There are 2 protein chains.
Amino acid sequence: MDNVDRNILYHLQHNARLSRTELGKLVNLSQPAVTERVHRMEEQGVIKEYRTIISPEKIGKHAAAFMLFHTKNCLAFLDFCRSSPEVAECYRISGDHNYLLKVIADSTQDLEEFGNLCDSYGNYTILIVMSSAFDHKDLIPDHEEENLLSE
Amino acid sequence: MDNVDRNILYHLQHNARLSRTELGKLVNLSQPAVTERVHRMEEQGVIKEYRTIISPEKIGKHAAAFMLFHTKNCLAFLDFCRSSPEVAECYRISGDHNYLLKVIADSTQDLEEFGNLCDSYGNYTILIVMSSAFDHKDLIPDHEEENLLSE
DNA sequence: GTTGAAAAAACAGAGGA
DNA sequence: TCCTCTGTTTTTTCAAC
């Protein structure tokens with residue numbers, strides 16, 4: 001992981017479909033060299049996946065919420081979370097609660113119904129997402145492109 | 001947005017680099033037809049982005065947390081969030097607090113330092129992420145592949 | 001929506017600095 | 001580790017159906 005790798009990741013993170021040739025131009029490397037570095041990062045697990053981001057609203061998912069959960073039966077609860085399509089994310093957290101969930105549903109009514117399903121697993125607080133200032137920021141910030149200047 | 005489009009999205013969501021030809025085979029459509037549908041969904045904003053998922057741990061980000069925030073100066077606070085690389089997500093929420101942030105940092109020490117920076121904007125509670133059961137679930141679930149059967 | 005053909009581009013591999 | 005060169009595969013674009 002040197003600066004060239006970081007630079008490759010910087011460009012890939014918001015454009016997974018960049019060709020190796022274009023990527024090479026962006027980081028001042030030949031196409032085979034870029035390909036080799038990308039493969040290496042894929043194998044090392046630095047690159048986990050290439051994902052297509054779909055607009056939830058455009059496919060009818062108009063409601064999102066976070067749920068702070070307190071359960072006494074973690075294993076059953078985790079099974080429930082994994083099998084519920086509404087639960088997009090599930091974290092074990094410190095503090096008064098056990099788990100934090102991110103839930104995505106068609107409507108607030110559906111959120112409410114999902115809440116009913118949760119009742120048997122413990123106590124929770126629902127925090128409705130009213131709006132997102134931003135729901136994602138790239139991990140690798142603008143640059144550290146010293147390596148680009150050296151040619 | 002018919003079932004074929006959903007099927008295309010289903011395959012693309014966890015593999016953004018699928019070629020149009022392969023995609024065509026998966027959804028029983030010719031390559032030009034797939035290309036046209038994908039372009040349409042890109043223009044409509046159904047497809048927002050093609051993202052490369054990078055392992056935070058592998059690039060030295062070993063600490064994550066959620067912060068429940070209560071501020072009196074929303075605009076200044078949002079500026080602060082946008083300009084802080086640690087803040088990966090920022091939501092306006094219902095309940096006792098104003099905002100929910102997801103914060104990613106190198107270490108818990110860095111989380112603490114980030115907390116100090118936040119002091120001037122209001123009150124907050126930090127919920128440290130101890131582990132992720134899962135931090136992502138695909139929006140489009142397994143199938144609805146009725147259309148695949150009809151040929 | 002399909003097929004098919006031609007032009008352009010991307011990719012994988014070998015050999016060498 | 002990187003480069004250039006080359007052959008092969010893929011994409012793309014365009015026709016006609």
Side-chain angles (χ1 to χ4, degrees), chain A residues 1-55 58-60 138-140 142-151, chain B residues 1-55 57-60 140 143-151:
Chain A
M1 278 294 301
D2 57 10
N3 276 331
V4 181
D5 282 339
R6 290 196 116 75
N7 203 205
I8 288 175
L9 293 177
Y10 168 72
H11 290 287
L12 276 182
Q13 62 188 340
H14 53 82
N15 188 0
R17 291 179 65 90
L18 266 180
S19 76
R20 301 294 140 87
T21 313
E22 287 176 283
L23 197 46
K25 287 175 195 162
L26 290 168
V27 304
N28 287 327
L29 228 58
S30 71
Q31 172 263 314
V34 168
T35 301
E36 193 188 333
R37 278 171 178 269
V38 171
H39 280 162
R40 193 167 41 76
M41 289 195 282
E42 287 171 349
E43 275 156 22
Q44 290 177 345
V46 178
I47 292 176
K48 290 165 70 175
E49 195 183 1
Y50 300 100
R51 204 174 280 169
T52 297
I53 307 305
I54 299 166
S55 164
K58 291 285 169 65
I59 60 166
D138 285 337
L139 266 184
I140 316 259
D142 236 27
H143 6 253
E144 42 243 15
E145 289 201 1
E146 311 87 82
N147 54 307
L148 275 184
L149 302 174
S150 62
E151 211 216 13
Chain B
M1 278 294 300
D2 57 9
N3 276 331
V4 182
D5 282 338
R6 291 195 116 73
N7 203 204
I8 289 174
L9 292 177
Y10 168 72
H11 290 288
L12 276 182
Q13 63 188 340
H14 52 82
N15 190 359
R17 291 179 66 89
L18 265 180
S19 76
R20 300 294 138 87
T21 313
E22 288 176 281
L23 197 46
K25 288 175 194 161
L26 290 168
V27 303
N28 287 326
L29 226 58
S30 72
Q31 174 265 317
V34 168
T35 301
E36 193 189 332
R37 278 172 179 268
V38 171
H39 280 161
R40 207 189 57 247
M41 290 195 283
E42 288 172 349
E43 273 157 23
Q44 291 177 344
V46 178
I47 292 175
K48 290 165 70 174
E49 196 183 359
Y50 300 100
R51 206 174 278 170
T52 297
I53 308 304
I54 299 165
S55 164
E57 289 78 17
K58 291 285 169 62
I59 60 165
I140 317 258
H143 11 253
E144 33 246 18
E145 289 201 2
E146 310 88 81
N147 55 306
L148 274 184
L149 303 174
S150 62
E151 210 213 15

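Chain identifiers are assigned alphabetically (A, B, ...) following the order of the sequence lines, protein sequences preceding nucleic acid strands; residue numbering begins at 1 within each chain. As the structure is a computational prediction, the values presented were derived from the model and not from experiment.
- A:L26 has its side chain within reach of A:L18: a pair of non-hydrogen atoms, C-beta onward, lies under 4.5 Å apart.
- Mapping B:L18 and A:V34 onto DNA chain D via the closest heavy atom, the residue that lands nearer the 5' end is A:V34.
- Rounded to whole Å, the distance from CG on B:D2 to P on C:dG1 is 8 Å.
- Comparing atom distances between the A:L29 side chain and each of C:dC11, C:dG1, D:dC3 picks out D:dC3 as nearest.
- At a threshold of 4.5 Å between non-hydrogen side-chain atoms, the residues B:M1 and B:L9 count as touching.
- Note: CD (B:E36) to P (C:dG1) measures 6 Å, nearest angstrom.
- As judged by a 4.0 angstrom heavy-atom cut-off over every strand, A:S30 is placed among the base-contacting residues.
- Atom CZ of B:R20 and atom P of C:dT2 are 15 Å apart (whole Å).
- In this structure, CG of B:L23 is placed 15 Å from C1' of D:dT12, rounded to the nearest angstrom.
- For B:R17 and C:dC11, the shortest distance from a side-chain N or O to OP1 or OP2 is below 4.0 Å.
- Between A:K25 atom NZ and C:dC11 atom C1' there is a gap of 14 Å when expressed in whole angstrom units.
- In terms of position on DNA chain C, the residue among A:P32 and A:E22 whose nearest nucleotide sits closer to the 5' end is A:E22.
- Around CD of B:E57, the count of heavy atoms belonging to other residues, nucleotides or ligands within 6.0 Å exceeds 12.
- Within 4.0 Å (heavy atoms only), B:R37 reaches sugar-phosphate atoms of the nucleic acid but no base atom.
- The side chain of A:T21 lies closest to C:dA10 when the candidates are C:dA10, D:dC3, C:dA12.
- Picking from C:dG1, D:dC3, C:dC11 the nucleotide with the shortest atom distance to the side chain of A:Q31 gives C:dC11.
- The closest side-chain heavy-atom distance from B:R37 to B:L29 is below 4.5 Å.
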